[in-house]
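Here the structure is laid out as structure tokens; the discussion comes afterwards.
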Amino acid sequence: MTEGRARIAGWYDDEADLALLRYWDGAKWSPHTAPRPTDAADASHAHAAHAQIATLFDRIEATTLRLPPRSPDEHTTVPLPPES
């Protein structure tokens, strides 16, 4: 997966499988995937929303927040993917 410029947490195209979306937690790709929306309008709307958010995010100065380390048995909660 490409980890170039900073991006906000959310569901993005999975570069390994174009039929899936993969969750980016704001720091790294998660193992969570979901089927890509099949409705063209939903996909177009999601793409436009991501582009608009990315433009706004580029204007915001990013800050780093250091969280305490988690134990190996803890897991993260991931929001549900967009419905198709």
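When side chains are defined from C-beta on, L21 counts as touching P37, because their heavy atoms get closer than 4.5 Å.
Remark: the backbone N or O of E15 is not paired with any side-chain donor or acceptor of D13 at under 3.5 angstrom. Without hydrogens or angle criteria, R22 side chain to W29 main chain gives no donor-acceptor distance under 3.5 Å. Judged purely by atom type and a 3.5 angstrom limit, S30 has no side-chain atom pairing as donor or acceptor with the backbone of W24.
Atom CG of D14 is separated from atom OG1 of T33 by 7.0 Å, given to the nearest 0.5 angstrom.
A9 and Y23 make their closest contact through CB-OH, 3.6 Å (heavy atoms, listed as atom of the first residue, atom of the second, distance).
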